[in-house]
Amino acid sequence: MDINKLTKLVASYNPPEDVELVKRAYNFAKSCHKDQKRLSGDPFILHPLSVAYILAELNLDPVTISASLLHDCIKDTSTDISKIKEVFSEELAFLVKGVSKVSKVARESKEKQKIENLRRMLLAMAEDVRVILIKLADRLHNMRTLHSLDQDSQLKISHETLEIYAPLAHRLGIGKIKCELEDLAFSYLQPEAYEDIKERVALRMEEREAEILEIKKHLDRRLRLAGIKAEILGRPKHLYSIYCKMQSHRVGFDEIYDLIGIRVIVDSVEDCYGTLGIIHSLWKPISGRFKDYISLPKQNMYQSLHTTVVGNKGRPVELQIRTHDMDKIAEFGVASHWHYKEGKKKELDFTERISWLRRTLEWQKDITTDEDFMESIKTDLFAERVFVFTPKGEIRDLPKNSTPIDFAYSIHTDIGDHCVGAKVNGRIVPLHHKLSSGDIVEIITSKTSHPSIDWLKLVTTSKAKTKIRQWIKRETEKQEEDKTKILEKKHPKKLIPKKKKIKTILGIQGISDMAFKFSKCCSPLPGDEIIGFVTLNRGISIHRKDCPNIRTNDPCKILPLSWDDDGKGIYETGISVLAYDRQELLQDLLASISSTKTIINEAHGKARKDGMAECRFSLMIEGKEKLHTVIKGLEKVRSVVKVCRIQPK
């Protein structure tokens with residue numbers, strides 16, 4: 001690698017004055033690093049030069065390339081940022097400072113360093129995404145030269161690359177860098193598996209290439225007859241993606257057929273769909289393997305049609321169909337923004353395309369612990385995504401396994417806090433329903449409905465988890481304040497400290513501090529006669545006295561229990577409703593329950609062949625009196641025949 005090779009590449013897509021800027025930056029960096037060497041023994045300047053070349057291969061602008069040449073000057077030499085601003089420009093100095101801030105991590109534990117580094121990267125990316133493009137290129141060259149480090153460093157850096165940098169490249173749509181980072185990290189973390197797959201791919205490649213060539217010739221001939229101009233390429237899958245497929249599908253290498261994918265690049269969107277039709281007329285498509293990322297692009301800007309067909313030899317073949325612009329974006333992602341010079345339209349388009357990052361950073365202000373931060377990043381930035389629609393056609397991008405509650409909080413906190421139910425594609429679904437791409441989701445709200453602690457088990461997004469915890473914390477603090485005021489009125493002479501928590505406990509024959517839980521089979525409420533069943537290693541399980549699940553001949557396992565003076569608290573119970581089936585029945589039942597200020601955990605409805613409907617609800621209830629109020633309200637709902645508490649089986 002030398003400066004001439006870099007400037008030649010930069011000159012291929014920039015005017016001469018921009019090439020001169022890159023040369024000046026190189027000479028400045030070379031002067032700063034003149035006596036420094038890397039651990040490999042190479043002159044240090046080769047590292048920033050290689051980083052700059054990686055960015056030039058992405059066709060990035062000369063300012064970014066120049067900043068990459070200078071990116072280690074502040075960290076590893078005595079050069080001051082003001083000097084770079086004086087010699088070059090404020091924009092270039094800003095990028096160099098941004099990269100230096102990301103690299104400068106406090107002396108904490110390794111895990112703390114990783115988390116702090118990630119925080120800084122995300123903040124820097126929000127200010128100017130080019131800072132992270134430099135960091136990704138920096139990491140890629142470090143991975144290419146990782147052989148010069150000791151094994152512990154190799155494993156640590158490779159693990160971090162696979163956990164953070166490769167997913168970050170994927171989220172930014174830079175497939176070119178993402179794939180190489182994954183394969184390099186894979187080679188260090190699992191060298192035996194890497195070498196095994198590499199050898200097996202090489203052995204089968206000649207046979208697969210001949211098969212792909214036959215498909216390409218056949219397809220090219222049919223596209224020409226249809227008047228569609230196309231470039232047809234065969235591309236081998238990268239090794240880590242093959243390994244992941246073997247792991248996720250639990251199959252051996254011999255059962256992986258799509259070692260090579262076919263990419264068809266055409267001139268227009270119309271030609272994309274025309275090509276798809278021709279492919280499906282030539283070969284039988286495999287059901288469930290078609291994906292339209294053109295009409296529904298990925299959040300990282302990726303657009304393409306994917307289909308898998310049964311090839312000439314009876315083996316699956318994957319094809320991707322896209323336009324030339326789509327192909328550039330698939331390779332370069334956000335970096336492709338700097339390929340264009342059209343002005344404001346592209347600027348607005350680019351701003352919208354990275355808006356997910358700013359939204360993520362906005363709600364992450366509420367996250368306090370490092371563990372929650374890492375969980376949120378892995379879930380909301382790096383997890384697989386589903387794309388769902390509001391009734392007005394707006395797209396919401398959510399992690400895989402998201403539920404209607406996640407969707408509700410993605411729209412607005414108030415909608416999430418008052419979510420009582422949801423319709424997916426026009427059908428009422430329970431709150432634990434998993435959303436799929438393409439779903440149209442409508443949230444049913446009620447002013448009297450509020451989150452419950454059980455919602456935390458149902459949600460996936462960190463925003464939903466954070467908002468639910470905040471609501472529960474506020475409500476708990478309010479209840480404690482109200483209870484303290486009541487006690488102060490009853491016992492004015494008794495001093496009650498205002499931070500002190502006052503817990504309602506059960507009178508269990510003097511064993512008030514023993515661990516206990518309420519059984520779900522009979523869901524006892526204050527007012528029910530109760531008994532305790534001593535369980536192994538889990539304390540006491542509390543049941544209704546008439547619960548049929550208490551079967552034991554050992555009197556030592558049974559404890560007579562009673563509620564305290566008022567039995568105040570919130571307890572889970574279930575009710576069943578039988579009604580004549582009609583439109584909006586479940587909605588009316590949910591509204592009736594919510595009007596009593598009762599928290600609804602789950603709602604299920606089932607239509608019977610005889611025209612009746614059975615609905616079941618899991619509720620959080622203060623006691624039997626409150627349950628009686630809820631039941632009386634439901635009995636007044638039109639077409640309801642019977643309402644009863646769900647009895648234990």
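Predicted model, so just to flag it, every value in this text is computed and none were measured. Residue indices begin at 1 and follow the sequence shown.
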(request) Find out whether Thr390 and Phe407 are in side-chain contact, i.e. whether some heavy atom of one side chain is under 4.5 Å from a heavy atom of the other. (result) yes
(message) Can you confirm whether Val637 sits close enough to Val643 that some side-chain heavy atom of one is under 4.5 Å from a side-chain heavy atom of the other?
(response) no
(message) If you count every heavy atom of other residues, nucleotides or ligands that lies below 6.0 Å from Arg608 atom CZ, does the total exceed 12?
(response) yes
(request) Would you please name every residue forming a side chain to side chain contact (heavy atoms under 4.5 Å, CB included) with Leu456, sequence neighbours left out? (result) Ile453, Lys465, Ile468, Arg469
(request) Taking all non-hydrogen atoms of both residues into account, name the closest pair between Arg322 and Ala330 and its distance. (result) NH1-CB, 3.5 Å
(request) Calculate, to the nearest 0.5 Å, the distance between atoms CD1 and OH belonging to Ile443 and Tyr409 respectively. (result) 11.0 Å
(message) Going by salt bridge (charged side-chain N to carboxylate O under 4.0 Å, His left out), name the residues that satisfy it together with Lys245, two or more places apart in sequence or in a different chain.
(response) Asp258
(request) For Thr307 and Pro285, work out which heavy atoms get closest and say how close. (result) OG1-CB, 4.5 Å
(message) Are the side chains of Cys615 and Leu586 in contact, using a 4.5 Å heavy-atom criterion?
(response) yes
(request) Answer yes or no: is there a donor N or O on one side and an acceptor on the other, between the side chain of Arg289 and the main chain of Thr308, under 3.5 Å? (result) no
(request) Could you check if a side-chain atom of Leu398 sits within less than 4.5 angstrom of a side-chain atom of Ser410, using non-hydrogen atoms only? (result) yes
(request) Considering non-hydrogen atoms only, spot the tightest contact between Met326 and Gln303 and give its length. (result) CB-O, 3.6 Å
(request) Taking Lys626 for its side chain and Thr598 for its backbone only, find out whether a donor-acceptor pair lies under 3.5 Å. (result) no
(message) Show the nearest heavy-atom pair for residues Leu431 and Cys419, with the distance to one decimal.
(response) CD2-SG, 3.7 Å
(request) Please tell me if the side chains of Leu276 and Phe290 come closer than 4.5 Å, counting only heavy atoms from C-beta onward. (result) yes
(message) Test: ring-ring contact (aromatic ring centres under 6.0 Å, His included). Region: residues 436-463. Which pairs qualify, not counting sequence neighbours?
(response) His418-His450, His450-Trp471
(message) As an exercise, state the distance from CD1 of Ile405 to CG of Asp417, rounded to the nearest 0.5 Å.
(response) 11.0 Å
(message) For Ser592, give me all partners under side-chain hydrogen bond (donor to acceptor under 3.5 Å, both in side chains), at least two apart in sequence or on another chain.
(response) none
(message) Donor-acceptor check, side chain of Ser639 to backbone of Ala579, threshold 3.5 angstrom: yes or no?
(response) no
(request) Can you sort out the partners of Asp454 under salt bridge (charged side-chain N to carboxylate O under 4.0 Å, His left out), two or more places apart, ordered by chain and number? (result) Lys457
(message) To the closest 0.5 Å, what do you measure between CZ (Arg396) and OG1 (Thr461)?
(response) 12.0 Å
(message) Rounded at 0.5 Å granularity, tell me how far CD1 in Ile428 sits from CG in Leu589.
(response) 10.0 Å
(message) Could you measure the distance from the CD1 atom of Ile575 to the SG atom of Cys644? Nearest 0.5 Å is fine.
(response) 9.0 Å
(request) List for me each residue that meets side chain to side chain contact (heavy atoms under 4.5 Å, CB included) alongside Glu625, sequence neighbours excluded, and say none if there are none. (result) none
(message) As an exercise, state the distance from CD1 of Ile600 to OG of Ser452, rounded to the nearest 0.5 Å.
(response) 10.5 Å
(request) Please answer whether the main-chain N or O of Leu627 pairs with a side-chain N or O of Arg645 as donor and acceptor at a distance below 3.5 Å. (result) no
(message) Which heavy atom of Pro524 sits nearest to which heavy atom of Ile530, and what is that distance?
(response) CB-CG2, 3.8 Å
(message) Which residues pass the salt bridge (charged side-chain N to carboxylate O under 4.0 Å, His left out) test with Lys423, not counting sequence neighbours?
(response) none
(request) For Ser402, enumerate each residue passing the side-chain hydrogen bond (donor to acceptor under 3.5 Å, both in side chains) test, keeping only those at least two apart in sequence or located in another chain. (result) none
(request) Measure from the side-chain N and O atoms of Asp406 to the backbone N and O of Thr403, and report whether any donor-acceptor pair falls under 3.5 Å. (result) yes
(request) Scan residues 584-629 for pairs that pass ring-ring contact (aromatic ring centres under 6.0 Å, His included), counting only residues two or more places apart or in two chains. (result) His432-His604
(message) Under the rule for side-chain hydrogen bond (donor to acceptor under 3.5 Å, both in side chains), what residues qualify as partners of Ser449, not counting sequence neighbours?
(response) none
(message) Pairing donors with acceptors under 3.5 angstrom, does anything connect the side chains of Thr460 and Asn401?
(response) no
(request) Could you tell me which residues satisfy side chain to side chain contact (heavy atoms under 4.5 Å, CB included) with Lys545, sequence neighbours excluded, listed by chain and number? (result) Glu529, Ile531
(message) Just to verify, what does Ser295 make a side-chain hydrogen bond (donor to acceptor under 3.5 Å, both in side chains) with, not counting sequence neighbours?
(response) Asp292
(request) Taking all heavy atoms of Val641 and all of Met612, pick out the closest pair and write down the distance. (result) CG2-CE, 3.7 Å
(request) Please tell me if the side chains of Ile440 and Val388 come closer than 4.5 Å, counting only heavy atoms from C-beta onward. (result) no
(message) Please check if the number of heavy atoms outside Lys291 that lie under 6.0 Å from its NZ is greater than 12.
(response) no
(request) Please examine the side chains of Asp588 and Val640, heavy atoms only from C-beta on, and report whether any two atoms are closer than 4.5 Å. (result) no
(request) Report yes if the side chains of Glu182 and His170 come closer than 4.5 Å at any heavy-atom pair, otherwise no. (result) no
